[in-house]
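Have a look at the structure below, then the notes.
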Amino acid sequence: MSLERDSETTFDEDSQPNDEVVPYSDDDTEDELDSQQPAIEAEQNQINRSTKESQEPLKKDCSWQVKANDRHFHEQPQFKRKIFLCFKKSKYAGNAIKTYKYNLVTFLPLNLFEQFKRAANSYFLVLLILQAIPQISTLSWYTTLVPLLLVLGITAVKDLVDDIVRHRMDNEVNNRACEVIREGRFKSTKWKDIKVGDIIRLKKNSFVPADILLLSSSEPNSLCYVETAELDGETNLKFKMALEITDRYLQEENAMADFNGLIECEEPNNRLDKFTGTLFWRNRSYALDADKILLRGCKIRNTDFCHGVVIFAGADTKIMKNSGKTKFKRTKIDSLMNYMVYTIFVVLILLSAGLAIGHTYWEQQIGNSSWYLYDAQDYSPPYRGFLNFWGYIIVLNTMVPISLYVSVEVIRLGQSYFINWDLQMYYPEKDTAAKARTTTLNEQLGQIHYIFSDKTGTLTQNIMTFKKCCINGQRYGDCRDAAGQLASHREQQVDFSWNMYADGKFLFYDHYLIEQIKSRKEPEIQEFFLLLAICHTVMVDVSNGQINYQAASPDEGALVTAARNFGYVFLSRTQNTITISEMGTERTYDVLAILDFNSDRKRMSVIVRESNGRIRLYCKGADTVIFERLQPRNLKREATEEALDVFASETLRTLCLCYRDISHDEFEAWNKKFMEASVATSNRDEALDKVYEEIEKDLILLGATAIEDKLQDGVPETISKLSKADIKIWVLTGDKKETAENIGFSCELLTDETTICYGEDISGLLQTRLENQRNRAGSTTHSSLRMNEPFFQGSRNRALIITGSWLNEILLEKKKKKKKKLKLKFPKTQEEKQKQNEKKRRAEAYKEQQQKNFVDLACECKAVICCRVTPKQKAMVVDLVKKYKKAITLAIGDGANDVNMIKTAHIGVGISGQEGMQAVMSSDYSFGQFRYLQRLLLVHGRWSYIRMCKFLRYFFYKNFAFTLVHIWYSFFNGFSAQTAYEDWFITLYNVLYSSLPVLLVGLFDQIGLDTSYWTFVNAFSVFGSIAIYFGVTFDLHSAGIHVLFPSTFQFTGTAPNALRQLYLWLTMALTIAVCLLPVVAQRFLSMTICPSESDRIQKNRKKYLAEEEQWQRRQSAFRRGVSARRSAYAFSHQRGYADLIASGRSIRKKRAPLDAVLGSTTGGTAAAETS
Amino acid sequence: MKNKKSSASQEAEACPSRCPDNSAFKQQKLPAWKPRLTTASVLSTFFLTGAFCLSVGVSLIVAANSVREIQVDYTDKCSNCSKLRENSSNWNSECLCSINFTLAEDMLGDVFMYYGLQNFYQNHRRYVLSRSDEQLLGRNVDVQNSYCAPFAAYQNGTPMAPCGAIANSLFNDTIDLFYNFDSSVIQVPLLRTGNSWWTDKHVKFRNPESHNLSAAFAGTARPPYWHKPVYLLDEEDESNNGYINEDFIIWMRVSAFATFKNLYRRISRKGQFTDGLPAGNYTFHISYNFPVTKFKGKKYVILSTMVWSGGSNPFLGIAYLVCGAAATLTGFIITAIHLKLRKKKTYFQRR
């Protein structure tokens, strides 16, 4: 059917995983099959089983029906789904998205419900109810109500603000405009009103609002370019093409309004790269595939407008299906806090029980005979004890910290603001400040063990720049003046103003090369740049007199742009010509053939005929493949290889350029074969590759280019700092192995001392380990001992580079699919089922062991790089580490392909300021540059963690100190649950008197003593709290308030009378001394006897700084002079636009006549028609 | 680092929209005092605290020792009375008891007379709650709604004034002091007013408004354990009668512990008692009404003088002494450890 290579075909049971291919994520569909199966079985009985089964697969595959321009069609009862009792809802989602939690009506009940799910809050509610019972009410109702209301109020306000932000964002997206056919005309409509089956028109540079089937566009053959940065993080353009039939008939508005095609396709799923369906129109059916679908989140580029019919809307779209479930993230401190609260509950109950027993005893001994305590209620002492149990539960409630959660949240919020305010995490170029989007995870930042980083856009800028080249054995690109002398001290840019086509953004420092080009002395140099201008599949787009290049990969773009700046400007191309401006003179070459890139060939060639009739093949490719095909005697080969080594050691992406003259006859002979191969019906690709191979030989080496895959600023430094902090960094990228490896070297994750292991290496290791474990499983005695022995001997520096396919292979993610499909077809008996289950369980255990082993192995490596992984796999890897290492993980990325992993990790970080916002939207923290991770983790994270710990200790201390007084006092008052403090003091102690100093320690403290960082704010809070205490106490003890509310404020005159006593002040002074002196002594002694690292640093700061500087200098010196050959070739993993160019489809001169298009048969992506 | 900072501040000047402020607060660079435990500060803290505590402790103990105090337990000394009171049916029969004692030395200055109770749990929650502050303010309130029960009202509905267990159990012994001087017996003049807090006397306790006191309390009845109604607590002094009777006020301020003393009278310094109580023989004449033996309690009468630090309790002084001694000792220990370690460290550094 389609000629596209199917990744699935590579997954035969025995075949080796393919390193080049990204395995698409299909586990979701497997789950679907799994979950649906029992339901189906239950439904069907033995008799009609056979008949139903025959229909089953077909039905399941294409149960999603969409009728264009027919809203009523989708409201038919068979498309309804039961939601609740008898309420039914259409299975077609609307296009409005909803991320908010509450609306006006539901806010109060839902929010209260959420809040009372917290143990402490509902505990206080129970307490409040207990207090309403007179027999056990030991404290006034307001002692718990006031704090509870305060806590609920603050939390509710915070939730409300959060939700308003979400509402606003939803509104912004939902109210975006888009043109939709309504009553036969295109009308501007809001996104949220788009329904399945609508026909919409999209303009250039607009986002696609839903998953739509492309019908037609302004471009020839209804081609449409899209940028999928939001979806997969790739910034290069992709093209989509409509069906021939829709392209032909659906260009006019009224034609579109009359369009009544029926689309049958698969149910919504999360596979970005798969789509199968059929269009039924005019009594014919047309097969649909992913090439005709524009996905929500894509951006229309280079296409004036396009039309499409909505297939999936809103929550059904692939991007939404892919976004995974938003999990509520909790920190370790959260669970610790919960644990402590529960412990306190238990302690509280035990204490109360003890005191209640005490009360029973006391009543028996003393209380019963105390006539003055007579209360006319003839309770027995045990019953009084029982009542007092509840009384003590109420009295000791301050032990359960009600304001704990709120205080913690306030502290986290404050810390988040500090993150937002940090100038050192502000990226001026993109005007983005750091943002803590989730405010509840700060202290977790200080506990990170593993960082999972995306590559493109995160470690690298995804900007390729032409840095250096080697022409005819001569290296260019260093900083030199026109005479060729090295001028290292002053960096002067080359002035490109002599070139009218220069783009003005290109930076180059080698004046000597420019002189050489201008003088035109060396033909090789001319040939070199001519090759760069000719041999590519870049598209050109002229707007406002400016030339813009559209390249399939950024590398190609960089090369063509470089050639353009050096005076060899690619101007335009048609199906079989290419026009170049060579140092000002325009020349047109006939393009005879484009031998496109693919991952096996690792090279591409162009065969052109010059105006003088000479036929020449230009080729560029990876050094390994090029050197194999060079002419035996190539004078400059050694010099070029040396240059490649140098480039590689600077971690530049290298590429070799060469050419070959072809005689007329040879070409004719070859062309014949080429034509035959290109119309071959089976194995066309292999046939073509073979033909290409024949002509790409005896090449003459021109030189090599070196492209810099620009790292973001400070990436190596950040990585080395983080690894000094014992944080392990894993790189997960969709990019190919070589590129990832190269980046690994350039950001110093990998060094020359590193031993690199690949998937095939570790697969064996894992296999043997697993077998050993299985064998040993019977004899359990020493199994646990040797289970954890390391995989690698010796302490050598190791790194693991593994591809997505190997991951699947090792982790047994695949393979079962076929079995499952079979299962559907065979009837099952009970016995078989059991067997199946048994098998399944064993396989599950096996899989788990394997996964655990893999994680253990990977964690032994210093660095891990996973390449060619899907978003799902990224998440899976993160999940594995989370699961088996119990470590805190952080995922950082910039594209939509990182969303899954960002959501899975304990902490997700998004790089903001990029085009796509998907990653940022689902992240917990976002900032502009990777290097800010260092500050986020090592400064904010550490501080937050330490502050939070101190805060918790302080908090529990003050609550316990407060509450224990009551227990102590019980021994003096007959365990009668009488409070030592007045009620209002109890009410306000936690919320007013003691909250601020504790809070501010949580907010401001910076490493050291208990409060080691006494700012005026701290001082203010402490003295302010004391002042508030006295102020409030005097007020509550004043005469006026007593006269107003005699029974609520009974302590009139107590404060002034008590505070007049010298005895009281002396006691206070003594208490302070007794509390502080032991701590000071202990701290000081521990500091002198065994000082910690930070103590030492604080003591002689200067010496430490000098040392640090020295260390850095040594580091940088060490970096130089590394020279080992690392071949990397500068192509992104995609094939170019060669097919497109050859078919003449995209040449944007005028619309190609239809028959010309129909005549060209080489289109690899041509719509396959089935009738 | 420096470069970064300066460039950041430059940007802040020409600040685009989203650039955070470069303020000390937002950048967490507030000027701060970072307390560091240096040898000098720690040692001086210890020695200064030690010196302070020792001196305060010494002066407290000296002061406490200068207090003259005499305490007479009259529970057992009036055993016939206490026996009588054990049977509640005898509540109406009067019982008088005299106790002689000798003052060996003069008690100079203000002399205070207390009654003390032991094992009387005024701090029991049920007891503490059982009062109506509104009623004591002289307001006409429905005491049935207060915590006064079961001492809120009689069965016929007459409310008790004052209500509640505290008021009901008012200490109702009367104690008079006589000085046996040259075989003549002189009653020591005692002040019954001016013993309570001003706020209690003038704010917290108010009699109901009426033309006379008995009218003000019309429609109420005395608490069951009382001998006389509230408006007869002090018939001689109108301003010490009813709710504002100071014996009553002082009793209503419940004690924090089960053993306590309440100020009962002050010696009026006139005549022979201008300088206080001279040495000699004295007699307490006690009208014994308050039963304590049932709950194994004890009653005392206490005469005491007062100094700047309060009464005769030496606890605080001892605590100060102990704390001061500990601080000084720790100071010496720290010095020793520090000196020893410093020598070692210099040795290491030289090596």
Side-chain angles (χ1 to χ4, degrees), chain A residues 138 366-367 369-377 391 418 420-424 426 428 431-433 972-974 976-978 980 1004 1006 1008-1009 1012-1018 1039 1042-1043 1046-1047 1050 1052-1053 1056-1057 1061-1063 1066-1067 1070 1073-1074 1077 1080-1081 1083-1085 1087-1089 1098, chain B residues 4 8 11-12 16-22 26-28 30-37 42 45-46 49 53 56 119-121 123-128 132-134 137 149-150 165 168-169 197-200 203-204 257-258 291 294-295 308-310 316 319-320 323 327 330 334 337-338 341:
Chain A
T138 44
I366 299 165
S369 54
S370 298
W371 51 269
Y372 55 92
L373 292 176
Y374 174 72
D375 65 349
Q377 306 200 310
F418 280 128
N420 297 351
W421 286 332
D422 196 340
L423 261 183
Q424 289 182 44
Y426 170 71
D431 186 25
T432 46
F972 297 96
N973 62 22
S976 61
Q978 172 61 30
F1004 289 122
Q1006 300 188 3
L1009 294 172
S1012 52
Y1013 197 73
W1014 277 89
T1015 63
F1016 71 90
V1017 188
N1018 290 74
H1042 175 73
V1043 174
S1047 51
Q1050 304 163 340
T1052 170
N1057 280 305
Q1061 308 275 317
L1062 183 65
Y1063 207 83
L1066 282 174
T1067 313
L1070 185 70
V1074 167
L1077 286 182
V1080 173
R1083 289 273 162 82
F1084 182 75
L1085 285 180
M1087 209 176 88
T1088 36
I1089 294 169
Q1098 276 193 345
Chain B
K4 220 185 248 170
E11 274 138 21
S17 49
R18 274 169 292 189
C19 174
D21 293 343
N22 188 14
K26 291 190 173 178
Q27 299 310 316
Q28 304 195 61
L30 286 175
W33 174 57
K34 293 171 206 167
R36 233 188 294 158
L37 298 175
V42 169
T45 310
F46 272 91
T49 318
C53 288
V56 172
N119 221 9
F120 188 90
Y121 283 82
N123 56 8
H124 194 282
R125 181 171 60 85
R126 226 157 57 223
Y127 185 82
V128 172
S132 168
D133 282 296
E134 275 174 297
L137 265 176
N168 182 48
S169 60
W197 289 353
W198 186 91
T199 42
D200 282 1
V203 179
K204 209 172 172 184
F257 295 103
K294 254 192 188 167
F295 54 86
W308 60 271
S309 62
L316 194 62
Y320 260 101
C323 173
T330 320
I334 289 175
I337 291 174
H338 183 72
L341 278 180

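The chains referred to below are lettered A, B, ... by the order of the sequence lines, with proteins before strands, and numbering in each begins at 1. Any value given below was found using the heavy atoms of this structure, including those in side chains, with hydrogens, waters and symmetry copies removed.
- You'll find the side chain of Cys19(B) reaches within 4.5 Å of the side chain of Leu423(A), heavy atoms only.
- For the options Thr330(B), Leu316(B), Val203(B), heavy-atom pairs under 4.5 Å to chain A are most numerous at Leu316(B).
- Of the possible polar contacts, none joining the Lys204(B) side chain to the Val1043(A) backbone as a donor-acceptor pair under 3.5 Å is found.
- Among Pro150(B), Pro31(B), Ala327(B), the residue making the largest number of heavy-atom pairs under 4.5 Å with chain A is Pro150(B).
- No donor-acceptor pair closer than 3.5 Å links the side chain of Arg126(B) to the backbone N or O of Asp375(A).
- Heavy-atom pairs under 4.5 Å with chain A peak, among Phe295(B), Trp198(B), Trp308(B), Trp197(B), at Trp197(B).
- Counting heavy atoms from C-beta on, the side chains of Asp422(A) and Gln27(B) come closer than 4.5 Å.
- With a 4.5 Å cut-off on non-hydrogen atoms, Phe1004(A) touches chain B through its side chain but not through its backbone.
- Leu373(A) and Tyr127(B) make their closest contact through CD2-CB, 3.6 Å (heavy atoms, listed as atom of the first residue, atom of the second, distance).
- Looking at Trp371(A), its side chain does come within 3.5 Å of a backbone N or O of Pro291(B) through a donor-acceptor pair.
- Considering only heavy atoms from C-beta on, Tyr372(A) stays 4.5 Å or farther from His124(B) through its side chain.
- You'll find the side chain of Leu1062(A) stays beyond 4.5 Å of the side chain of Ser309(B), heavy atoms only.
- Of the possible donor and acceptor atoms, one in the side chain of Tyr320(B) sits under 3.5 Å from a partner among the backbone N and O of Leu1066(A).
- Only the side chain of Leu137(B) comes within less than 4.5 Å of a heavy atom in chain A; its backbone stays farther off.
- Both the backbone and the side chain of Ser169(B) come within less than 4.5 Å of a heavy atom of chain A.
- At a threshold of 4.5 Å between non-hydrogen side-chain atoms, the residues Asn1057(A) and Asp200(B) do not count as touching.
- Looking at Leu1085(A), the atoms closer than 4.5 Å to chain B (heavy atoms on both sides) all sit in the side chain, from C-beta outward.
- Heavy atoms of Ile337(B) lying under 4.5 Å from chain A belong exclusively to its side chain.
- In terms of heavy-atom pairs under 4.5 angstrom with chain A, the leader among Phe257(B), Phe120(B), Phe46(B) is Phe120(B).
- The parts of Ala319(B) that come within reach of chain A are both its backbone and its side chain, each placing non-hydrogen atoms under 4.5 angstrom from that chain.
- Interface summary for chain A: among Asn123(B), Thr199(B), Ile334(B), the most heavy-atom pairs under 4.5 angstrom belong to Asn123(B).
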